[in-house]
Amino acid sequence: MKKTILFTSFILLAVTLSAQVKFQFKQKKGNSGSYISTVEEDVYVNNIQSHHAEIINRVSTTMTNVAPDGEAFIYSNYMTTENSILQQSGRSLSWGEESSSVYSRKKNGELTISDDIFLPTVRNVPVFPDKEVKVGDTWTARGKEVHDLRKAFNMDKGLIFPFEATYTYKEDKDIDGKKLNVILVE
């Protein structure tokens, strides 16, 4: 009986060890993508609803070059539109803007971008560890949000909010024949 238990334990250990993976971005010159997100939000000022907003973000990104070490140089174009309904008057307001950014991303996800460039807003998420991990492992990495409030609040610079993100490699899932690694970030 003990031999069977030891044998089973050995098999489980081998499976666990073989499930380790080193996460990194596989970046290739010319890779591109487009993304659309919609945000529905109710905005409150001093606990009083100011307005309801629908914000639509459209992003197109192209890797213009990739260095031998795998660092990608990226051009991104952003189009944002917002439609708001003021709570007190019922008036509808709409606006839109377009901008672009140039930055680089290392294979582990760290971005190199000036704080004077406001998009992407969230930076260094995700950042992967420089080692193999297995399901259940956690790691932390520093990130930041950069917000352009210059027009709205007559400020000289944007606001920068640094944070530390905690990542957990939760599980692997097969969806439509593709293996996906599920990572939780808080």
(request) Quick one: do Gln87 and Val43 satisfy side-chain contact (heavy atoms from CB on, under 4.5 Å)? Show the steps, please. (result) CA-CA 10 Å; Gln87 183 66 25; Val43 179; over 6 Å; no
Running the 4.5 Å side-chain criterion over Ile, Leu, Val, Met, Phe, Trp and Tyr, what cluster does [X] land in, apart from itself?
{"X": "Ile74", "answer": "Tyr35, Val59, Met63, Tyr78, Tyr103, Leu111, Ile113, Ile117, Leu119"}
{"X": "Leu180", "answer": "Ile175"}
{"X": "Val102", "answer": "Tyr75"}
{"X": "Leu149", "answer": "Phe153, Met155, Leu159, Phe161"}

Which pair of heavy atoms, one from [X] and one from [Y], lies closest together, and at what distance?
{"X": "Glu98", "Y": "Asn77", "answer": "OE2-ND2, 3.1 Å"}
{"X": "Gly143", "Y": "Asn124", "answer": "CA-CB, 3.9 Å"}
{"X": "Pro120", "Y": "Ser101", "answer": "N-OG, 4.4 Å"}

(request) Kindly indicate, with the supporting measurements, whether the criterion side-chain contact (heavy atoms from CB on, under 4.5 Å) is fulfilled by Glu54 and Thr38. (result) CA-CA 7 Å; Glu54 178 187 66; Thr38 302; 4.0 Å; yes
About how many Å separate [atom2] of [Y] and [atom1] of [X], when rounded to the nearest 0.5 Å?
{"X": "Asn31", "Y": "Thr61", "atom1": "CG", "atom2": "OG1", "answer": "11.0 Å"}
{"X": "Glu82", "Y": "Ile55", "atom1": "CD", "atom2": "CD1", "answer": "4.0 Å"}
{"X": "Asn108", "Y": "Lys131", "atom1": "CG", "atom2": "NZ", "answer": "13.5 Å"}
{"X": "Lys170", "Y": "Asn181", "atom1": "NZ", "atom2": "CG", "answer": "14.0 Å"}
{"X": "Ile56", "Y": "Met79", "atom1": "CD1", "atom2": "CE", "answer": "10.5 Å"}
{"X": "Glu41", "Y": "His51", "atom1": "CD", "atom2": "NE2", "answer": "6.5 Å"}

Transitively linked via ILVMFWY side-chain contacts under 4.5 Å: [X] with [Y]?
{"X": "Phe73", "Y": "Val66", "answer": "no"}
{"X": "Val135", "Y": "Tyr167", "answer": "yes"}
{"X": "Val122", "Y": "Val185", "answer": "yes"}

(message) Ring centroids only, cut at 6.0 angstrom: are Phe25 and Phe128 within range, meaning strictly under it?
(response) yes
(request) Output all residues satisfying side-chain hydrogen bond (donor to acceptor under 3.5 Å, both in side chains) with Asn65, sequence neighbours left out; order by chain, then residue number. (result) none
(request) Walk me through it: do Ile183 and Phe23 pass the test side-chain contact (heavy atoms from CB on, under 4.5 Å)? (result) CA-CA 11 Å; Ile183 299 172; Phe23 293 114; 3.9 Å; yes
(message) Can you tell me if Glu40 has over 12 outside heavy atoms packed within less than 6.0 Å of its CD?
(response)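 Count over threshold, so yes.
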(message) Are there over 12 heavy-atom neighbours, none belonging to Gln88, within less than 6.0 Å of that residue's CD?
(response)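 Open: at most 12 neighbouring heavy atoms sit under 6.0 Å from CD of Gln88.
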(request) Report yes or no: does Gln27 contribute a side-chain atom to a donor-acceptor pair with the main-chain N or O of Arg105 at less than 3.5 Å? (result) yes
(request) Could you tell me whether the side chain of Asp69 and the main chain of Glu71 form a donor-acceptor pair under 3.5 Å? (result) yes
(request) Check step by step if side-chain contact (heavy atoms from CB on, under 4.5 Å) holds for Asp115 and Lys144. (result) CA-CA 10 Å; Asp115 288 338; Lys144 62 181 158 182; 2.8 Å; yes
(request) Please determine if Asp148 and Arg150 form a salt bridge, counting it only when a charged side-chain N lies under 4.0 Å from a carboxylate O. (result)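 Salt bridge: yes.
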(message) Applying side-chain contact (heavy atoms from CB on, under 4.5 Å), can you list everything that pairs with Asp42, at least two apart in sequence or on another chain?
(response)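 Partners of Asp42 by the side-chain contact (heavy atoms from CB on, under 4.5 Å) criterion, ordered by chain and then number, come out as Tyr44, Gln49, His52.
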(message) So Val21 and Tyr169, do their side chains get closer than 4.5 Å, heavy atoms only?
(response)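 Tyr169 reaches Val21 side chain to side chain.
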(request) State, yes or no, whether a side-chain contact exists between Lys106 and Val127 at a heavy-atom distance under 4.5 Å. (result)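 Not in contact.
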(request) State whether a side-chain donor-acceptor pair under 3.5 Å links Thr80 with Asn57. (result)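 Judged by distance alone, the side chains do pair up.
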(message) Can you confirm whether the side chains of Ser99 and Glu97 place a donor and an acceptor under 3.5 Å from each other?
(response)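 Not at all, the side chains of Ser99 and Glu97 share no donor-acceptor pair under 3.5 Å.
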